Amino acid sequence: MNKLGFARKEKVQQFMSVTGASEKVAIQTMKTHDWHLEGALEAFYNEGNAKVVQEKNRWELLFNKYKDPKADMIMADGISNLCNDLQVEPQDIVMLVLSWHFQAETICEFSKQEFVGGVQSLEIDSLEKFKKKIPFLRSELKDEDTFREIYNFAFDWAKEKDRNMKVISRDVWLQLLEFAKTVDSTLSNYDAEGAWPCLLDEFVEYLIEKGHCAKKSDE
């Protein structure tokens with residue numbers, strides 16, 4: 001394999017990791033299919049070279065399709081490619097739901113363990129099944145308990161690594177959801193004497209000062 005260029009070596013390694021084939025078989029199959037990885041893999045299985053297609057291989061094939069060439073992870077570019085294939089925008093909230101299912105530690109990153117474990121739990125082993133799962137992922141946001149879990153998950157998921165700037169606490173993050181659910185858009189039912197965090201009191205005062213809502217009249 002030393003005579004192969006870097007890109008072709010990578011494809012041979014990916015072919016071998018997915019199929020368990022020998023280096024000789026991998027190189028020959030890739031050559032036959034003009035070094036197109038997906039075509040070579042499809043032909044390998046269709047031609048009966050593997051009697052049993054393990055689900056793990058399908059999951060890993062999905063992972064390898066989007067993984068970073070320099071790391072065993074799916075990074076921002078890979079997620080962007082995944083979004084293109086799923087026909088959703090990267091900022092679509094459904095990607096947050098997907099990250100929750102994967103239990104991803106960091107925004108715009110999926111480790112191999114997170115991705116493979118996630119698609120296994122969602123019973124996804126092909127891009128077509130991935131696309132069909134999108135409506136289900138959206139529907140989960142309509143369930144109040146699931147929505148709360150996803151909202152709570154987003155606190156750690158969206159944090160930047162080694163962040164030094166002033167940030168809100170987890171308690172404020174959780175209280176913000178209650179604020180959004182219980183206080184109306186005019187803030188007419190906001191209780192300044194309630195147990196809201198100081199940051200939310202300051203937010204309400206700011207809105208009143210800027211004229212975005214009317215100040216409650218004294219009783």
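Side chains included, hydrogens not; waters and symmetry mates left out as well; all remaining heavy atoms used. This chain uses plain numbering: 1 for the first residue, then up along the sequence. Everything quoted here is computed from the prediction, not taken from an experiment.
- Contact record, P90 with M95: O-CG, 3.7 Å, taken as the closest heavy-atom pair.
- A 6.0 Å sphere centred on CG of D143 holds more than 12 heavy atoms belonging to other residues, nucleotides or ligands.
- Between K132 and E123 there is no salt bridge, since none of the side-chain N atoms of the basic residue sits less than 4.0 Å from a carboxylate O of the acidic one.
- When every heavy atom of F15 is checked against every heavy atom of A26, the shortest pair comes out as CD2-CB, 3.5 Å.
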Working for side chain to side chain contact (heavy atoms under 4.5 Å, CB included), residues I93 and I150: CA-CA 10 Å; I93 196 171; I150 295 171; over 6 Å; no

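- Remark: of the listed residues D92, V88, I134, L122, L122 is the sole one forming a side-chain contact (heavy atoms from CB on, under 4.5 Å) with L98.
- Stacking of K133 on the aromatic ring of F130 is not recorded, the 6.0 Å distance cut-off and the 45° axial limit not both being met.
- Ion pair K131/D85 not flagged as a salt bridge, since none of the NZ, NE, NH1 or NH2 atoms sits closer than 4.0 Å to an Asp/Glu carboxylate oxygen.
- Within the 4.5 Å cutoff, the side chain of Q175 has heavy atoms near those of the W196 side chain.
- Under the 4.5 Å side-chain heavy-atom criterion for Ile, Leu, Val, Met, Phe, Trp and Tyr, M75 and F102 are members of distinct hydrophobic clusters.
- Side-chain contact between D125 and V119 is absent, with no heavy-atom pair separated by less than 4.5 Å.
- Two different hydrophobic clusters hold M73 and W59 under the rule that ILVMFWY side chains link at heavy-atom gaps under 4.5 Å.
- Annotation: side chain of L199 is in contact with side chain of E202 (closest heavy-atom distance under 4.5 Å).
- When all heavy atoms are compared, the tightest approach of N189 to T182 is ND2-O, 2.7 Å.
- Taking CZ of F153 as the start and OG of S99 as the end, the distance is 5.5 Å to the nearest 0.5 Å.
- Inter-residue side-chain proximity for L86 and L82 is flagged as met; some heavy-atom pair is nearer than 4.5 Å.
- Other residues, nucleotides and ligands contribute more than 12 heavy atoms inside 6.0 Å of the CD atom of Q103.
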Check against side chain to side chain contact (heavy atoms under 4.5 Å, CB included), E60 and K112: CA-CA 8 Å; E60 290 196 354; K112 184 175 183 179; 3.7 Å; yes

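- With rounding to the nearest 0.5 Å, the separation of CG in N64 from CG in L37 is 7.5 Å.
- We find the CD-CD distance between E140 and E149 to be 9.5 Å, quoted to the nearest 0.5 Å.
- Between the side chains of D77 and Y66, not a single donor N or O lies within less than 3.5 Å of an accepting N or O.
- Going from atom OG1 of T29 over to atom CG of L41 covers 9.0 Å, rounded to the nearest 0.5 Å.
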V97 and F136: CA distance, side-chain angles, deciding distance, side chain to side chain contact (heavy atoms under 4.5 Å, CB included) verdict: CA-CA 10 Å; V97 182; F136 164 74; over 6 Å; no

As a quick check of understanding, evaluate side chain to side chain contact (heavy atoms under 4.5 Å, CB included) for M30 and L4, giving each step before the final call. CA-CA 12 Å; M30 291 297 298; L4 299 177; over 6 Å; no

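- Within the model, atoms CH2 of W100 and CG of L137 stand 9.5 Å from one another, a figure rounded to the nearest 0.5 Å.
- Using modelled atom types and a 3.5 Å distance limit, the side chains of E42 and H33 yield no donor-acceptor pair.
- No single ILVMFWY cluster, assembled from side-chain heavy atoms under 4.5 Å apart, contains both F6 and I27.
- Using a 4.0 Å cut-off between a side-chain N of Lys or Arg and a carboxylate O of Asp or Glu, K181 and E144 qualify as a salt bridge.
- Atom CD1 of residue I74 and atom SG of residue C108 lie 12.0 Å apart, to the nearest 0.5 angstrom.
- The minimum heavy-atom distance linking I79 with E109 is given by the pair CD1-N, 3.5 Å.
- The aromatic rings of F115 and F63 sit tilted, their planes meeting at an angle between 30° and 60°.
- Closest of all the heavy-atom pairs between A154 and L96 is CB-CD1, 4.1 Å.
- Between D72 and K67 the shortest heavy-atom distance is OD1-CE, 3.4 Å.
- Relative orientation of the F203 and F179 rings is perpendicular, given thresholds of 30° and 60° on the angle between their planes.
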